[in-house]
Amino acid sequence: MYKELIKKYAKKLTPNQVKEYALKEGTEVSDNEANLFINIINTRLDDMLDGHALEVLNEYKSELSPSSYNKLLELYDKYKKFID
């Protein structure tokens, strides 16, 4: 059930919303990182929700700043209970 809700919500996200959420979580992301995140959602969300989130994040690690990558890992740990 959570997976379908997550999919519906995630597919509507905009880069600006990603940047705003990052700020609420205490980090900044660049425009490129926000756009990359949207691209990942649009192309790899099913993989992420099917238990391969860390693998997907690792594929894009070099395209993210260390602080953004670490924040994504932190948020994954915080919210993974909703997709497991």
Looking at [atom1] of [X] and [atom2] of [Y], how far apart are the two atoms once the value is rounded to the nearest 0.5 Å?
X	Y	atom1	atom2	result
Asp50	Lys3	CG	NZ	5.0 Å
Leu73	Leu54	CG	CG	6.5 Å
Leu13	Ile41	CG	CD1	5.0 Å
Leu57	His52	CG	NE2	13.0 Å

Is there side-chain contact between [X] and [Y], with heavy atoms separated by less than 4.5 Å?
X	Y	result
Lys7	Lys12	no
Asp31	Lys19	yes
Glu63	Asn32	no
Val29	Phe37	no
Leu45	Ile40	no
Ile38	Val18	yes
Leu72	Tyr76	no
Arg44	Glu59	yes

If two hydrophobic side chains count as joined below 4.5 Å and joins carry through other members, does Tyr79 share a cluster with Leu23? no

Which heavy atom of Asn42 sits nearest a heavy atom of Lys11, and at what distance? O-NZ, 3.5 Å

I need the minimum non-hydrogen distance between Ala34 and Pro15, along with the two atoms involved. CB-O, 3.6 Å

Applying side chain to side chain donor-acceptor pair (under 3.5 Å), can you list everything that pairs with Ser65, at least two apart in sequence or on another chain? Glu33, Ser67, Ser68

Suppose we screen for side chain to side chain donor-acceptor pair (under 3.5 Å). Which residues come up paired with Glu74, at least two apart in sequence or across chains? Lys71

Before giving the answer on side chain to side chain donor-acceptor pair (under 3.5 Å), spell out for Gln17 and Tyr21 the whole-Å C-alpha distance, their side-chain angles and the decisive distance to 0.1 Å. CA-CA 6 Å; Gln17 289 172 313; Tyr21 183 73; over 6 Å; no

Kindly check if the number of other-residue, nucleotide or ligand heavy atoms within 6.0 Å of CD (Glu28) is above 12? no

